[in-house]
Chemist: 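Structure incoming, see below.
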Amino acid sequence: MGTLQDIVQRRARLVAEADIQRNALARDLEACSSVLTVADRGIAWAGWLRARPYLVVAAVTAIAVMRPRLAFAWSARVVTLWRAGRFLYEAVKPALAARESRRQSTDLKGEG
């Protein structure tokens, strides 16, 4: 019976430790909440703009016509941002593909 009591005590200790860790994680994530909210909104806006490329073209054309110097100055920044985004996407792409294949393989196992 001593081992059963040891197991119960160990379980209680582990549950208490997990509760402490869960609370610490919640506090840490709460501090990042505003940053995550901004990132989430940015991703939503990017998706919205990606579905409407004509708006991007219209805005860029309007700026180029009204303020050609501003458009020229910002063009280098936009190209740099585009290249950085493509670089990051290409860096993350293999991980996304691996994640998708793992998800599909687990879905197939669940069906079988």
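Numbers here are sequence positions counted from 1. Fair warning: this is a prediction, and the values are worked out from it, not measured in the lab.
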Chemist: With no hydrogens and no angle check, do the side chains of Q104 and E100 hold a donor and an acceptor under 3.5 Å apart?
Modeler: yes
Chemist: Please answer: with hydrophobic residues joined when any side-chain heavy atoms are less than 4.5 Å apart, are V60 and V78 in the same cluster?
Modeler: no
Chemist: Which pairs count as ring pair (Phe, Tyr, Trp, His ring centres under 6.0 Å) when at least one residue sits in residues 14-43, sequence neighbours excluded?
Modeler: none
Chemist: Taking side chain as C-beta onward, heavy atoms only, is L55 less than 4.5 Å from W48?
Modeler: yes
Chemist: Hey, could you give me the CD1/CZ distance between I63 and F72, rounded to the nearest 0.5 Å?
Modeler: 15.5 Å
Chemist: Should W82 and L70 be counted in the same cluster of Ile, Leu, Val, Met, Phe, Trp and Tyr side chains packed under 4.5 Å apart?
Modeler: no
Chemist: With rounding to the nearest 0.5 Å, note down the distance linking NZ in K93 to CG in L88.
Modeler: 14.0 Å
Chemist: Could you state whether F87 and L81 fall into the same hydrophobic cluster, counting links through intermediate Ile, Leu, Val, Met, Phe, Trp or Tyr residues with side-chain heavy atoms under 4.5 angstrom apart?
Modeler: no
Chemist: Nearest 0.5 Å, what's the CD1-CG distance between I20 and L25?
Modeler: 14.0 Å
Chemist: State the CG-CD1 distance between L36 and I43, to the nearest 0.5 angstrom.
Modeler: 9.5 Å
Chemist: If you count every heavy atom of other residues, nucleotides or ligands that lies below 6.0 Å from R77 atom CZ, does the total exceed 12?
Modeler: yes
Chemist: In plain terms, say whether R27 and E30 are close enough for a salt bridge, that is, a side-chain N and a carboxylate O under 4.0 Å apart.
Modeler: no
Chemist: Looking only at heavy atoms, what is the nearest atom pair of A64 and A71, with distance?
Modeler: CA-CB, 3.7 Å
Chemist: Checking side chain to side chain contact (heavy atoms under 4.5 Å, CB included) between R13 and each of R11, Q9, E17, which is the one that passes?
Modeler: E17
